[in-house]
Amino acid sequence: MVFSRLLSFVLRLLSRLSLSGGVLGLALGAALYAYYKQKKRLHEDGGARTASDRVGVEPASPEQAFQDLHRVGRDSSLELRLSRVSSIVVSVGGVLVHERTPEELSTQGASLVDSAVEVVKEMIGLKKDVFLVCEVEDDIGQAVVSDALEHAGIVGETAHTQVPFHRVIFCNSAASKVSIARQIEPSIYIDIDGEICKELCRFLSVTCLSEAGSLRQSLTSRKC
């Protein structure tokens, strides 16, 4: 449609000017060249817009998909409490499992505190460096705790979604647990043992639980 109008206009103009056939051919050639040059430019611009549109709908990375999944239903008060926190040390006994003492872990096994497990998963989802520390009396207790944590999906080799194995630390005394916490120097230390909390309060920000299952409430309501 555009070309036919352009051709008609050129012919009328040339007829009025009474130009020769050679000049007429040159004029038509120039008109055709201008028309196709304009058409090519519009086509290239449309292709660029199409490519830009394709870039805008690239699928999210697996890590981003994980973050989006855990953002849904996330406790906003917990997120606010941990907004300036980079690293967290969580004592396993009495916090992540109901059993508090090394003896109980070796003889009774490790029964997970589901609500605490979910809080730790949220911490990982918030990209916090989480360390787990557990006092045990023997290899049996260590194996029991390790199996429970892996079964819960907290510990594993999946980056940014689990606590890596090298951040799960076992020791055989309360004094060792205090020493480990001081060496890591976390933003927050979490335990249920009042004596350890009292000792570490001098050096670290400590959240001391009153009972198993109170991790979320303790984190969002008070700190040492």
Side-chain angles (χ1 to χ4, degrees), residues 59-100 105 109-135 144-171 177 180-194 196-197 200-201 203-224:
S61 65
E63 180 181 348
Q64 184 61 48
F66 175 83
Q67 298 300 328
D68 292 342
L69 175 64
H70 282 267
R71 189 175 292 112
V72 177
R74 180 183 290 166
D75 186 343
S76 59
S77 58
L78 177 64
E79 186 170 4
L80 179 63
R81 169 71 175 90
L82 302 180
S83 60
R84 297 186 178 182
V85 169
S86 59
S87 59
I88 305 167
V89 172
V90 181
S91 177
V92 176
V95 179
L96 286 178
V97 299
H98 290 280
E99 294 73 23
R100 295 192 182 189
L105 290 171
S111 55
L112 292 164
V113 180
D114 293 335
S115 60
V117 169
E118 290 305 313
V119 172
V120 172
K121 288 182 178 179
E122 289 183 37
M123 293 175 178
I124 300 170
L126 290 168
K127 296 184 178 181
K128 308 304 178 184
D129 292 331
V130 179
F131 297 80
L132 305 179
V133 180
C134 186
E135 181 184 350
V144 166
V145 172
S146 296
D147 289 345
L149 295 177
E150 288 186 56
H151 180 73
I154 299 177
V155 176
E157 298 178 349
T158 305
H160 308 300
T161 64
Q162 294 178 309
V163 177
F165 292 109
H166 68 272
R167 290 184 182 170
V168 182
I169 306 169
F170 293 93
C171 58
K177 189 190 292 186
I180 290 168
R182 292 190 61 185
Q183 288 179 30
I184 296 174
E185 294 186 333
S187 304
I188 299 177
Y189 175 82
I190 301 169
D191 207 324
I192 200 169
D193 188 316
I196 292 179
C197 290
L200 287 174
C201 255
F203 314 102
L204 305 170
S205 175
V206 175
T207 294
C208 194
L209 276 63
S210 58
E211 59 182 357
S214 64
L215 177 56
R216 186 182 301 276
Q217 179 183 358
S218 299
L219 274 173
T220 56
S221 60
R222 60 192 177 89
K223 64 178 180 178
C224 174

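Below, each value reflects all heavy atoms present in this structure, side chains not excepted, and no hydrogens, waters or symmetry copies. Each residue takes its place number in the sequence, starting with 1.
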Quiz item: Testing Leu132, Ile184, Ile169, Val206 for side chain to side chain contact (heavy atoms under 4.5 Å, CB included) with Val89, which one passes?
Solution: Ile184

Practice problem: For the pair Glu118 and Arg216, find out whether any cationic side-chain nitrogen is under 4.0 Å from an anionic carboxylate oxygen. | Solution: no

Quiz item: Side chains of Lys128 and Ser86: do they bring a donor and an acceptor to under 3.5 Å?
Solution: no

Quiz item: Taking atom NZ of Lys127 and atom NE2 of His160, what is their separation to the nearest 0.5 Å?
Solution: 7.5 Å

Practice problem: Compare every heavy atom of Arg182 with every heavy atom of Leu200, then report the nearest pair and how far apart it is. | Solution: CD2-CG, 3.7 Å

Quiz item: Between Arg100 and Gly93, is there a donor-acceptor pair closer than 3.5 Å when you use the side chain of the first and the backbone of the second?
Solution: no

Practice problem: Can you measure from CD1 (Ile196) to CG (Asp191) and round to the nearest 0.5 angstrom? | Solution: 5.0 Å

Exercise. Starting from the C-alpha separation in whole Å, work towards a yes-or-no answer on side chain to side chain contact (heavy atoms under 4.5 Å, CB included) for Leu78 and Glu122.
Key: CA-CA 9 Å; Leu78 177 64; Glu122 289 183 37; 3.4 Å; yes

Quiz item: Yes or no on side chain to side chain contact (heavy atoms under 4.5 Å, CB included) for Leu96 and Val113, after CA distance, side-chain angles and deciding distance?
Solution: CA-CA 5 Å; Leu96 286 178; Val113 180; 5.9 Å; no

Quiz item: So which heavy atom on Ile88 is nearest to which on Val85, and how close?
Solution: CG1-CG1, 3.6 Å

Quiz item: In terms of side-chain geometry, is the basic nitrogen of Arg167 or Asp129 positioned less than 4.0 Å from the acidic oxygen of its partner?
Solution: yes

Quiz prompt | CA sep, side-chain torsions, deciding dist, call: Val97, Leu105, side chain to side chain contact (heavy atoms under 4.5 Å, CB included) | solution = CA-CA 9 Å; Val97 299; Leu105 290 171; 4.0 Å; yes

Self-check item: Exercise: identify the closest heavy-atom pair between Ala181 and Pro186
Solution: O-CD, 3.3 Å

Practice problem: Can you see which heavy atom on Val95 is nearest to which on Ala116, and at what distance? | Solution: O-CB, 3.2 Å

Exercise. Search all heavy atoms of Ile192 against all heavy atoms of Ala212 and return the closest pair with its distance.
Key: CD1-N, 3.6 Å

Exercise. Apply the test side chain to side chain contact (heavy atoms under 4.5 Å, CB included) to residues Ile190 and Leu215: give CA-CA distance (whole Å), side-chain angles for both, the deciding distance (0.1 Å), then the verdict.
Key: CA-CA 8 Å; Ile190 301 169; Leu215 177 56; 3.6 Å; yes

Quiz prompt | From CD (Gln183) to CD (Glu185), nearest 0.5 Å | solution = 9.5 Å

Quiz prompt | Non-hydrogen atoms of Ser218 and Cys208 that approach each other most closely | solution = OG-O, 4.3 Å

Quiz prompt | Ser146 OG to Phe170 CZ distance, which is reported to the nearest 0.5 Å | solution = 3.5 Å

Quiz item: Taking 4.0 angstrom as the limit, do Asp193 and Lys177 come out as a salt bridge?
Solution: no

Exercise. Would you confirm whether Glu99, through its side chain, and Ser111, through its main-chain N or O, come within 3.5 Å as a donor-acceptor pair?
Key: yes

Quiz item: From Cys197 SG over to Tyr189 OH, what is the distance, rounded to the nearest 0.5 angstrom?
Solution: 6.5 Å

Practice problem: Measure the CD1-CG distance between Ile154 and Leu149 for me, rounded to the nearest 0.5 Å. | Solution: 5.5 Å

